[in-house]
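Owing to the predicted nature of the structure, the values given are computational and were not obtained by experimental measurement. Chain identifiers are assigned alphabetically (A, B, ...) following the order of the sequence lines, protein sequences preceding nucleic acid strands; residue numbering begins at 1 within each chain.
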Amino acid sequence: MRPVKLLLRLLAVTLSLTAVQAQALLPIQEWQTADGARVYFVENHDLPMLDLSVHFPAGAGYDQPETSGVASMTNGLLRLGADGMSEDEISRRLADVGAQLGGRFSTDHAGLSLRTLVSLRERRQALDLFARILSRPEFPAAVLEREKVRLIGALKEADTRPDSIAAVNFYRMVYRDHPYALRSSGEVATVEKITREQLVAFHQSHYVAQRAVVALIGDVSRAEAEAIALEVTRGLPQASGAEPPLPPVPELTASAARVIAHPASQAHILIGAPGITRDDPDYFPLYVGNYVLGGGGFISRITEEVRQKRGLAYSAYSYFSPLRRPGPFLIGLQTRRDQSQEALKVVREVVRDFAAGGPTEDELKAAKQNIIGGFPLRVDSNAKIHEYLVLIGAYRLPLTYLDDFVRKVDAVTVSQVKDAFARRVHPDRMVTVVVGADEGSKP
Amino acid sequence: MRLLTSSRAIAFVFALIALAPAALRAAPEATSEQRLANGLQVIVKPDHRAPVVVVMVWYRVGSIDEINGVTGVAHALEHMMFKGTRTTGAGEYSRIIAAAGGRDNAFTGNDSTAYFALLQKSQLDLALRLEADRMANLTLAPEEWAKEIKVVMEERRYRTDDRPRSLVYEQLMATALTAHPYRKPVIGWMSDLQNMTVEDARAFYRRWYAPNNAVLVVVGDVSPQEVVAAAEKYFGGIQSRPLPERKPQDEPPQLGAKRVTVKAPAELPYVVMVFRVPPLRDPREDWEPYALEMLSAVLSGNSAARLPGNLVRAERLASSASASYDGLARGPGFFYLSATPTPGRTASEVEQGLRREMARIISEGVSGDELDRAKAQAVAAHVFERDSMMSQAQEIGAMEISGISHKTIDLQLQKLREVTPEQVQAVARKYYVEDALTIASLDPQPLEGRRPAAPPAGLRHVQ
């Protein structure tokens with residue numbers, strides 16, 4: 001049985017701008033463990049492998065300013081000593097079965113991912129390690145000290161890079177007192193002070209069974225998937241299933257700009273503001289509209305004006321990064337430092353025009369053709385489908401999210417885009433960061 | 001976008017993947033290979049897991065084929081391949097692919113230039129028609145060139161000039177090699193870009209873009225018959241052309257260790273060592289390339305490997321350390337060792353650490369357990385790779401460009417699994433010799449005149 005493949009074929013038939021069926025494109029199975037962990041599963045027997053992840057609301061957004069970096073360090077240390085096994089032993093056992101273990105860490109979420117062969121010996125050993133690492137990490141003090149030294153070196157290195165300096169300053173200016181302003185790995189001054197007790201406490205309070213989201217796709221049956229979901233969540237700390245609070249994000253009330261000197265040959269420019277949440281009612285008009293503005297690769301307005309017409313940059317783009325609280329709307333480019341004024345002027349004009357006038361009918365049509373016509377490419381591998389399961393679980397999106405996606409993109413109109421941009425994107429209230437422009441230049 | 005990658009990096013990734021695990025329940029459908037009358041090689045790998053198709057055209061031409069004064073022309077031409085043909089305007093290729101729901105891009109390496117599109121399978125013909133069109137009918141308009149070469153110079157600033165480790169790598173190869181063209185950066189030297197003309201690109205296009213110098217690789221929900229028929233329809237009318245003679249430009253023997261230092265704004269030092277090794281040439285008879293692949297895997301192929309285990313975790317000397325082997329190449333192969341010291345330790349100390357690890361392997365060899373672990377990684381990685389049509393297409397293309405038939409992929413995994421600890425020790429001993437080394441290090445410089453990146457106390461408000 002190859003349910004995914006059959007349904008993808010169905011998708012190819014039904015996929016036209018007008019006729020998308022109500023039938024589920026992806027047979028996602030969902031259930032809860034006795035503890036309350038939510039499980040999302042797609043059965044697919046094409047390849048003898050399994051992708052599994054477990055994550056929690058435990059990302060950098062849950063850090064406090066004075067202990068910034070604890071969330072990330074907790075995640076990074078999970079695999080460096082657990083349940084009586086040293087980091088070397090864990091590494092050896094994983095490598096012995098060819099398994100790939102990865103940390104998942106983002107603004108809102110944190111957890112672990114595993115890719116393993118499903119043959120019995122390989123699968124058993126990999127899953128056993130995964131469950132023990134996730135639920136019984138030891139955070140050895142000596143390992144923590146070493147990792148702090150490594151991270152501090154990396155932070156100091158990042159602070160010499162123009163792209164990193166730009167991003168750090170951009171987030172601080174856009175989010176100010178909100179935790180989204182914090183650098184996800186922490187700052188040198190806060191990382192120096194991280195203690196083992198803080199990691200133990202963060203794990204205990206955030207890696208909680210009741211808030212776990214388990215996403216699986218691969219060559220196992222429903223019964224096996226149920227057993228796996230249980231195995232990897234059973235030993236987790238117990239607590240309330242309610243997500244920890246995240247403060248609201250205040251809107252910007254005025255524009256703000258900062259020019260930071262740097263010897264690089266290019267100026268790195270970031271412009272933006274708080275944007276949208278995952279469940280924002282304007283999500284689709286803004287998403288489709290942004291394709292026209294700066295998301296559509298080689299055919300967006302920003303790329304056209306900055307790169308194709310003027311040769312000012314190799315890469316120029318805009319995107320919305322939807323989060324639990326409004327994630328950033330961001331425009332970025334890099335250009336030879338003496339051209340930064342010109343590039344800023346061009347990109348600001350493009351944004352102003354678009355925010356005021358929206359896309360043309362032709363532009364919207366082209367955007368829909370690409371997004372809808374390219375839909376099969378979004379779900380053509382287990383890895384990609386797995387990421388959708390993670391997304392649906394993380395933000396409690398409906399199981400029909402992928403089916404609705406095509407329909408909702410198709411329903412977007414020019415006036416909706418125009419209206420949404422006019423209400424949500426304010427070119428006169430944005431943060432601008434320029435790193436590498438000559439001192440004294442005006443942003 | 002218009003990605004630029006070193007084909008060396010690609011080669012390294014693909015060299016590790018090879019295989020035929022017993023774990024496979026259903027063998028994948030056979031890959032088909034044919035050659036059109038004009039010399040175009042057509043390779044089709046059916047994969048029916050999703051209704052999509054990957055179309056790649058690989059030209060057997062890269063920076064290795066450039067001459068002094070016009071370094072970077074292979075990559076600049078790659079950019080111009082999106083700037084119009086006799087029947088399509090500048091940028092129209094991407095607009096048409098996008099309207100069909102597709103994604104496109106391209107990359108240039110030392111050995112090859114490759115163009116690809118990912119689409120719904122119903123758009124196979126469209127992708128082939130556009131690729132055939134730009135193989136034969138490129139416009140190369142001077143006004144488009146004038147803008148695009150500026151984009152390429154921005155790309156060089158972005159990828160190399162402002163990235164200290166890219167500069168280290170660039171200097172490493174320019175120092176390690178004297179005669180062989182691998183000494184030149186794929187992106188080209190800035191002065192060459194500043195003085196390049198559209199006629200340089202046109203000459204390069206006429207010289208190398210011919211069906212008999214290309215490989216069409218298609219992976220997806222298609223049959224070999226339909227792909228070959230469509231390829232015949234669109235590419236069949238393009239004439240084959242005699243290709244210029246390719247001179248070997250062999251590197252003379254190295255007569256002693258070489259060393260180069262790069263000073264650039266950074267915090268931590270960084271060290272890379274390189275020595276020449278044989279690339280894969282005869283998948284059946286060769287054994288050294290497989291042993292070198294396993295040597296790199298034992299050193300840093302997984303988190304239990306020696307460099308992360310000893311230098312990073314146990315000795316706490318390095319923040320990171322790794323080894324890699326480029327075994328798929330038209331020119332010589334290379335083995336790299338690199339490391340970043342932890343704060344407070346020096347480039348010299350971490351270099352000595354890398355040297356100690358190599359010396360230990362030469363004197364004591366490697367264990368059967370370590371080798372088995374490296375093999376387990378290779379077997380699993382091959383299964384995992386089948387999840388992505390794009391990586392399957394890339395693997396096939398990269399092999400064919402290097403003169404290795406994709407049909408030997410299974411054989412290569414078998415050979416990898418036959419490597420013995422003695423062979424790993426033997427290749428380390430034979431090729432890692434003092435006089436063959438080139439060592440490049442980054443000497444970090446303070447950022448002059450940079451304001452501290454403190455919280456934005458006094459925001460300046462404008463307009």
Check your understanding: How about A:D177: does its CG atom have over 12 heavy atoms from other parts shown lying under 6.0 Å from it?
Key -> no

Check your understanding: Rounded to the nearest 0.5 Å, how far apart are CG of A:N370 and CZ of B:R95?
Key -> 13.0 Å

Practice item. Decide yes or no for B:L447 and A:H262: does some side-chain heavy atom of the first lie under 4.5 Å from some side-chain heavy atom of the second? Key: yes

Study note, to complete from the structure: Value for CG (B:D162) from CZ (A:R337), rounded to nearest 0.5 Å, stands at 9.0 Å

Check your understanding: Heavy atoms, side chains only, cut-off 4.5 Å: are A:R79 and B:S303 in contact?
Key -> yes

Check your understanding: Would you say the side chain of B:R313 lies within less than 4.5 Å of the side chain of A:S91, judging by non-hydrogen atoms?
Key -> yes

Check your understanding: Picking from B:L118, B:L119, B:V54, what satisfies side-chain contact (heavy atoms from CB on, under 4.5 Å) with A:L377?
Key -> B:L118

Review point. Contact part of A:V435 toward chain B, heavy-atom cut-off under 4.5 Å: side chain, backbone, both or neither?
Key: neither

Review point. Is any side-chain heavy atom of B:E154 less than 4.5 Å from a side-chain heavy atom of A:L312?
Key: no

Check your understanding: Side chain, backbone, both or neither: which part of A:A313 has an atom under 4.5 Å from a heavy atom of chain B?
Key -> backbone

Point to revise | Residue B:K375 versus chain A: region with a heavy atom under 4.5 Å | key: neither

Practice item. Could you tell me which portion of B:D387 (side chain, backbone, both or neither) has an atom closer than 4.5 angstrom to a non-hydrogen atom of chain A? Key: both

Exercise for review: Consider only side-chain N and O atoms of A:N44 and B:R49, and report whether a donor and an acceptor are under 3.5 Å apart.
Suggested key: no

Check your understanding: Nearest heavy-atom pair of B:L268 and A:A154: which atoms, and what distance?
Key -> CD1-N, 4.5 Å

Check your understanding: Which word best sums up how the rings of B:Y158 and A:Y314 line up, parallel for under 30°, tilted for 30 to 60°, or perpendicular for over 60°?
Key -> tilted

Exercise for review: Find the distance between CG (A:D163) and CZ (B:R163) and round it off to the nearest 0.5 Å.
Suggested key: 6.5 Å

Exercise for review: Would you mind checking which part of B:P164 comes under 4.5 Å of any heavy atom in chain A, side chain (CB onward), backbone (N, CA, C, O), both or neither?
Suggested key: both

Exercise for review: Can you measure from CD (B:E267) to CZ (A:R161) and round to the nearest 0.5 angstrom?
Suggested key: 11.5 Å

**Study point:** Under 4.5 Å from a heavy atom of chain B, the part of A:E89 involved
**Key:** neither

**Study point:** From NZ (B:K147) to CZ (A:R307), nearest 0.5 Å
**Key:** 11.5 Å

Point to revise | Min side-chain heavy-atom separation A:R150-B:V312 under 4.5 Å | key: yes

Review point. Going by an N to O cut-off under 4.0 Å, is there a salt bridge joining B:D369 and A:R92?
Key: no

**Study point:** Part of A:Y291 lying under 4.5 Å from any heavy atom of chain B
**Key:** side chain

**Study point:** Atom pair CZ/CG of B:R386 and A:N382 - distance to nearest 0.5 Å
**Key:** 11.0 Å

